[in-house]
Amino acid sequence: MKLGFVSAILDQSSYEEMMDVAGELGFGCVEVACWPQGKAERRYAGVSHIDAERVLEDEAYGKHILDYAASKNVEISSLAFYPNTMDGDLEKRAAAVEHLKNLIKASAKLGVNMVTTFIGRDQSKNVEENLELVKEIWPPIMDLAKEQGVKVAIENCPMLFGADQWPGGQNLMTTPAIWRKVFEILPYDNLGINYDPSHFVWQMIDYIKPIYEFADKIFHVHYKDIKLYPDKLNQCGIMAYPLDFMSPKLPGLGDVDWGKYLSALTDIKYDGYTCIEVEDKAFEGTKEKVLDSLRLSKRYMENFVI
């Protein structure tokens, strides 16, 4: 396995500055945030360290991206874009799909051949209605990815945190039961999972067992922790906004048992990219705190993977 981080945490840095940090801290890879230029939509989103459209138009730019990463001895694990491709707003949906398709082509052109994303969800519709939307929206995306030789790894984050995403959240592929249904609808060998155990913790789902069932579908891995607050949960219950009873934390500062998690990944002989995702509010506010979050997370995860 290679240890890296999701570049979105370095939102004030250029691509080169971000890669400098990755090299200086000794990371082996980076999952590079590639939102459309200048379109921040939410916390930890809107970051664009690689301009996908420019990659498709400018050979020299693409070569610079790869050469600079190589000069720092850092690999690009994937091009990352986490939009809502099934947004109820048709204009937003079309824009998200268009950029995702460009990202797939850019990933192929750079030889990265991996895109990490969400499947999306119309948050006002139920699961069954959203599965029908999957049938409508996603086959052309996956046909393009197959043609380009690109793997698409869907993260299992429900994108349900507060009132803005209520009631259904903005990403359908959140549970093993739904994974099975989506993989039946989209039987593509290049469609898989970007596995994040933290999102299972607050959903009260076993985050170890699915690793074995979906071993051949795990294309990419996130290291993010979640801390549950039992006293808060006892007051508001699981029907509350999730951030009312939990909080994202650095690996090792929450409730994920990382020894068991990495043990299961080694059981299935996973040897791909693994990236720390920092969303811990305790490490925001200054550049040094952000760098500390990466240093501490790396030091902790090196107990399990180098």
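- Residues satisfying the ring pair (Phe, Tyr, Trp, His ring centres under 6.0 Å) test with Tyr68, not counting sequence neighbours, are His64.
- In the model, Asp257 has no side-chain atom that pairs as donor or acceptor with a side-chain atom of Tyr207 under 3.5 Å.
- In terms of hydrophobic clustering, with Ile, Leu, Val, Met, Phe, Trp and Tyr side chains grouped at heavy-atom distances under 4.5 Å, Val182 and Val97 are assigned to a common cluster.
- Classified by interplanar angle (parallel below 30°, tilted 30° to 60°, perpendicular above 60°), the ring pair Tyr195/Tyr261 is tilted.
- Between the CD1 atom of Ile276 and the CZ atom of Phe5 there is a distance of 9.0 Å, given to the nearest 0.5 Å.
- Put simply, the side chain of Ser198 never gets that close to the backbone of Asp225: no donor and acceptor are under 3.5 Å apart.
- How far CG of Leu191 is from NZ of Lys146: 12.0 Å, rounded to the nearest 0.5 Å.
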N/O donor to acceptor pairs below 3.5 angstrom from side-chain atoms of residues 88-95, sequence neighbours left out:
{"from": "Asp89", "atom 1": "OD1", "to": "Glu91", "atom 2": "N", "distance (Å)": "3.0"}
{"from": "Asp89", "atom 1": "OD1", "to": "Lys92", "atom 2": "N", "distance (Å)": "3.2"}
{"from": "Arg93", "atom 1": "NE", "to": "Asp87", "atom 2": "O", "distance (Å)": "2.9"}
{"from": "Arg93", "atom 1": "NH2", "to": "Asp87", "atom 2": "O", "distance (Å)": "3.1"}

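- For the ring-ring contact (aromatic ring centres under 6.0 Å, His included) condition, the pairs that include at least one residue of residues 136-173, sequence neighbours left out, are Trp166-Tyr241.
- Taking the charged nitrogens against the carboxylate oxygens, Asp292 and Arg295 do have a contact shorter than 4.0 Å, which makes a salt bridge.
- Side-chain contact between Met1 and Leu262 is present, with at least one heavy-atom pair separated by less than 4.5 Å.
- One hydrophobic cluster, built from ILVMFWY side chains closer than 4.5 Å, cannot hold both Met204 and Leu160; they sit in different ones.
- Between the NE2 atom of His220 and the OG atom of Ser77 there is a distance of 3.0 Å, given to the nearest 0.5 Å.
- Between Lys105 and Glu147, no side-chain nitrogen of the basic residue sits less than 4.0 Å from a carboxylate oxygen of the acidic one, so the salt-bridge criterion is not met.
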- Query: Are Ile119 and Asn171 close enough, and set up right, to give a side-chain contact (heavy atoms from CB on, under 4.5 Å), and what steps lead you there?
  - Reply: CA-CA 6 Å; Ile119 202 142; Asn171 184 37; 3.5 Å; yes
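- Atom CE of Met114 sits about 10.5 Å away from atom CG of Asn190, to the nearest 0.5 Å.
- Looking at heavy atoms from C-beta onward, His222 lies in side-chain contact with Asn194 at the 4.5 angstrom threshold.
- Residues satisfying the side-chain hydrogen bond (donor to acceptor under 3.5 Å, both in side chains) test with Thr274, not counting sequence neighbours, are Tyr223.
- Atom-to-atom distance recorded for Ser297:OG and Leu3:CG is 9.5 Å, nearest 0.5 angstrom.
- By the 4.5 Å heavy-atom criterion applied to side chains, Val290 and Val278 are not counted as neighbours.
- Between the side chain of Ser107 and the backbone N or O of Val112, no donor-acceptor pair lies under 3.5 Å.
- Judged by distance alone, the side chain of Asn84 and the main-chain N or O of Gly120 form no donor-acceptor pair under 3.5 Å.
- No side-chain heavy atom of Tyr188 sits less than 4.5 Å from a side-chain heavy atom of Ile141.
- Here Lys181 pairs with Leu131 under the side-chain contact (heavy atoms from CB on, under 4.5 Å) rule; sequence neighbours left out.
- Side-chain contact between Ile50 and Tyr61: present, with at least one pair of heavy atoms (C-beta onward) separated by less than 4.5 Å.
- Counting heavy atoms from C-beta outward, Leu110 and Leu79 have side chains that approach closer than 4.5 Å.
- Clustering ILVMFWY residues whenever any of their side-chain heavy atoms sit less than 4.5 angstrom apart, transitively, puts Leu56 in a cluster other than the one holding Ile104.
- Residues passing the side-chain hydrogen bond (donor to acceptor under 3.5 Å, both in side chains) test with Asp267, sequence neighbours excluded: Tyr212.
- In this structure Lys101 satisfies the side-chain hydrogen bond (donor to acceptor under 3.5 Å, both in side chains) test with no other residue, sequence neighbours excluded.
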- Message: For a side-chain contact (heavy atoms from CB on, under 4.5 Å) check, start with the C-alpha distance between Lys227 and Leu253, then their side-chain angles and the critical distance, and finish with the verdict.
- Response: CA-CA 7 Å; Lys227 184 175 182 178; Leu253 299 184; over 6 Å; no
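- The cluster map of Ile, Leu, Val, Met, Phe, Trp and Tyr, joined by side-chain heavy atoms under 4.5 Å apart, puts Phe27 and Trp258 in the same cluster.
- Considering only heavy atoms from C-beta on, Asp255 stays 4.5 Å or farther from Trp202 through its side chain.
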Run the side-chain donor-acceptor check on residues 298-306: report pairs under 3.5 Å with partners two or more places apart or on a different chain.
{"from": "Lys298", "atom 1": "NZ", "to": "Leu25", "atom 2": "O", "distance (Å)": "3.2"}
{"from": "Lys298", "atom 1": "NZ", "to": "Glu302", "atom 2": "OE2", "distance (Å)": "2.6"}
{"from": "Asn303", "atom 1": "ND2", "to": "Tyr300", "atom 2": "O", "distance (Å)": "2.8"}

- Just do the salt bridge (Lys or Arg N to Asp or Glu O under 4.0 Å) check on Lys109 and Glu59 with the steps written out, would you? CA-CA 9 Å; Lys109 190 163 186 178; Glu59 294 285 345; 3.2 Å; yes
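- One side chain, Glu31 or Thr116, offers a donor N or O that lies under 3.5 Å from an acceptor on the other.
- Taking Ala52 as the reference, His99, Leu103, Ala106 meet the side-chain contact (heavy atoms from CB on, under 4.5 Å) condition, with sequence neighbours excluded.
- For Lys2, the salt bridge (Lys or Arg N to Asp or Glu O under 4.0 Å) partners at least two apart in sequence or on another chain are Glu75.
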Using residues 148-155 as the side-chain source, report each donor-acceptor pair under 3.5 Å to any protein atom, sequence neighbours left out, with the distance given to one decimal.
{"from": "Glu155", "atom 1": "OE2", "to": "His199", "atom 2": "NE2", "distance (Å)": "2.9"}

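- Checking Trp179 against Asn156 by side-chain atom types alone, no donor-acceptor pair falls below 3.5 Å.
- Hydrophobic clustering of Ile, Leu, Val, Met, Phe, Trp and Tyr side chains at less than 4.5 Å, counting indirect connections, keeps Tyr273 apart from Phe214.
- Residues in residues 117-126 take part in these side-chain hydrogen bond (donor to acceptor under 3.5 Å, both in side chains) pairs, two or more places apart or across chains: Asp122-Ser124, Gln123-Gln170.
- One finds the CG atom of Asp20 at 8.0 Å from the OG atom of Ser71 (value rounded to the nearest 0.5 Å).
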